[in-house]
Amino acid sequence: MNLNDLQKISNSFGNTERMPVLFLGHGSPMNAIEENQFVQGFRKAAKEIPQPNAIICISAHWYTAGTFVTAMDTPKTIHDFYGFPKALFDVQYPAPGSPELAQETINLLTPIEVEKDFNWGLDHGAWSVIKHMYPDANIPIIQLSIDYTKSAQYHFELAKKLHSLRKKGILIIGSGNIVHNLRLIDWKNINTVGAGWDWAIEAREKTNNWLLDGNFQPIIDYQKQGISLQYAIPTPDHYLPLIYTLGLKNKSENLALFNDQLIGGSLSMTSVRIE
């Protein structure tokens, strides 16, 4: 690829005011087809920010050895779950992809090796929340995978390389859950908003305080923060999308929480908006 090609890609998205960054607690796949306070929170967030030129989503559900970016024109809707009603499997979210944005992402992350992917598409960590924000499916979306061989600090630093995209009208979304322990779900309270085990309440309070204080190092070093965080984050897949969101924050920007509730004992829907 020559210099003219690179310039053409960079100019595909015009300069804009700096876009916000979001972390969305996506919770159950059923949120894609249910009407509740959380999907209302996703819609409200979309209405309060500028319309993006395109979206990059870092989803908990694309967890890979190495880093990949979707580069197809028409990403498929992936139903990467089982045991749910047919109505959920029937959902399609036919948003276009953006090979140009995929290439620009690869350029920005150099010298990190990022491979183009033409097989993945949009998993439910992406479409189950974005469909509420942009129901017309008319905004190009790419996904950036999470390299499970790397540390939280690595992902925090990697995210910083994408900062210039925020001034190209690109909305960067991390999608996961801060508290996410499916083995310890309280099934009697699976739909009870505010229901949380003691350790989940403690983990939520700790992380919320760090977030609102702008004290991100304990969040990055979550494995050193005691038993409540160990229960809350038994595996880092749903947690690392938050790290990408925090890595994109400027010191002068504000951070606010929304959808800040526990549900089912061991899940938090807490979401973050930075602008």
Side-chain angles (χ1 to χ4, degrees), residues 22-47 55-64 70 72 74-97 117-146 171 173-196 200 234-235 237-242 258-271:
L22 299 174
F23 170 77
L24 302 179
H26 66 236
S28 167
M30 288 299 291
N31 285 322
I33 58 173
E34 291 181 343
E35 182 61 32
N36 57 47
Q37 69 185 71
F38 304 120
V39 302
Q40 291 168 9
F42 301 147
R43 290 192 201 108
K44 183 173 184 288
K47 290 177 181 177
I55 296 170
I56 298 178
C57 185
I58 299 97
S59 164
H61 294 277
W62 200 19
Y63 206 45
T64 57
T70 56
M72 66 286 288
T74 54
K76 62 188 175 184
T77 304
I78 303 173
H79 300 88
D80 50 330
F81 41 72
Y82 58 90
F84 290 94
K86 182 177 181 297
L88 187 56
F89 290 89
D90 288 341
V91 175
Q92 295 292 316
Y93 189 70
D117 177 274
F118 298 94
N119 298 308
W120 188 248
L122 300 178
D123 61 53
H124 83 269
W127 63 259
S128 71
V129 289
I130 296 174
K131 74 179 288 289
H132 293 296
M133 302 173 69
Y134 305 107
D136 294 334
N138 58 350
I139 297 174
I141 305 173
I142 68 170
Q143 284 197 218
L144 179 67
S145 76
I146 299 171
L171 175 62
I173 297 174
S175 177
N177 294 96
I178 300 175
V179 177
H180 184 269
N181 192 326
L182 298 184
R183 292 186 178 183
L184 296 179
I185 288 284
D186 178 5
W187 292 105
K188 292 181 180 178
N189 288 298
I190 187 61
N191 292 314
T192 303
V193 176
T235 58
D237 48 333
H238 277 70
Y239 186 77
L240 289 174
L242 171 69
F258 63 101
N259 284 357
D260 183 27
Q261 295 285 351
L262 291 164
I263 192 166
S266 61
L267 292 173
S268 69
M269 294 297 293
T270 303
S271 299

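As the structure is a computational prediction, the values presented were derived from the model and not from experiment. The first residue in the sequence is number 1, and the count goes up from there.
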Any sub-3.5 Å donor-acceptor pair from H79's side-chain atoms to V91's backbone N or O?
yes
Can you list the residues that meet the salt bridge (charged side-chain N to carboxylate O under 4.0 Å, His left out) rule with D117, with sequence neighbours excluded?
none
Any donor-acceptor N/O pair, T74 side chain to P96 backbone, under 3.5 Å
no
Which residue pairs pass the salt bridge (charged side-chain N to carboxylate O under 4.0 Å, His left out) test when at least one of the two sits in residues 177-195, sequence neighbours left out?
none
With no hydrogens and no angle check, do the side chains of T270 and D260 hold a donor and an acceptor under 3.5 Å apart?
yes
Spacing of CD1 belonging to I185 relative to CD1 belonging to I190, to within rounding of 0.5 Å
4.5 Å
Say you draw a straight line from CD1 of I141 to SG of C57; how long is it, rounded to the nearest 0.5 Å?
7.5 Å
Write down the atom of F89, the atom of Y82, and the distance for their closest heavy-atom approach.
CZ-CA, 4.0 Å
Show, in sequence, the C-alpha distance, side-chain angles and deciding distance for N31 and N36, and conclude whether the side-chain contact (heavy atoms from CB on, under 4.5 Å) test is met.
CA-CA 8 Å; N31 285 322; N36 57 47; 2.9 Å; yes
Please find the pair of heavy atoms, one from G41 and one from F258, that lie closest to each other, and give the distance.
O-CE1, 3.9 Å
Within the 4.5 Å heavy-atom criterion, are L171 and L22 side-chain neighbours or not?
yes
With K76 via salt bridge (charged side-chain N to carboxylate O under 4.0 Å, His left out) - residues at least two apart:
none
Between atom OG of S271 and atom CD1 of I178, what is the distance when rounded to the nearest 0.5 Å?
8.0 Å
Is it true that a side-chain atom of T77 and a backbone atom of Y93 form a donor plus acceptor pair closer than 3.5 Å?
yes
Apply side-chain contact (heavy atoms from CB on, under 4.5 Å) to residues I142 and W120 and explain how you reach the verdict.
CA-CA 10 Å; I142 68 170; W120 188 248; over 6 Å; no
Heavy-atom closest pair, residues M30 and P85
SD-CD, 3.6 Å
Does a side-chain heavy-atom distance below 4.5 Å link M133 with K47?
no
Can you confirm whether the side chains of D123 and Q143 place a donor and an acceptor under 3.5 Å from each other?
yes
So salt bridge (charged side-chain N to carboxylate O under 4.0 Å, His left out) across residues 127-138, not counting sequence neighbours, yields none
I'd like to check L182 versus H180 (side-chain heavy atoms, cut-off strictly below 4.5 Å). Are they in contact?
yes
Would you kindly say whether S128 and H26 are connected by a side-chain donor-acceptor distance under 3.5 Å?
no
Under the side-chain contact (heavy atoms from CB on, under 4.5 Å) criterion, do L24 and M269 qualify, and how do the steps go?
CA-CA 8 Å; L24 302 179; M269 294 297 293; over 6 Å; no
Looking at CD1 of I78 and NE2 of H124, how far apart are the two atoms once the value is rounded to the nearest 0.5 Å?
11.0 Å
dist S59:OG -> I173:CD1 (nearest 0.5 Å) comes out at 11.0 Å
Might you point out which heavy atoms bring P75 and G121 nearest each other, and give the distance in Å?
CB-CA, 3.7 Å
Exercise: identify the closest heavy-atom pair between G97 and P140
O-CB, 3.6 Å
Nearest heavy atoms of I56 and L144, plus distance in Å:
CG2-CB, 4.3 Å
Test side-chain contact (heavy atoms from CB on, under 4.5 Å) on W62 and T70 and set out the steps.
CA-CA 11 Å; W62 200 19; T70 56; 3.7 Å; yes
From Y239 atom OH to I146 atom CD1, the distance as rounded to the nearest 0.5 Å
13.0 Å
Which residue pairs pass the salt bridge (charged side-chain N to carboxylate O under 4.0 Å, His left out) test when at least one of the two sits in residues 22-42, sequence neighbours left out?
E35-R43
Among residues at least two apart in sequence or on other chains, which ones pass salt bridge (charged side-chain N to carboxylate O under 4.0 Å, His left out) with K86?
D90
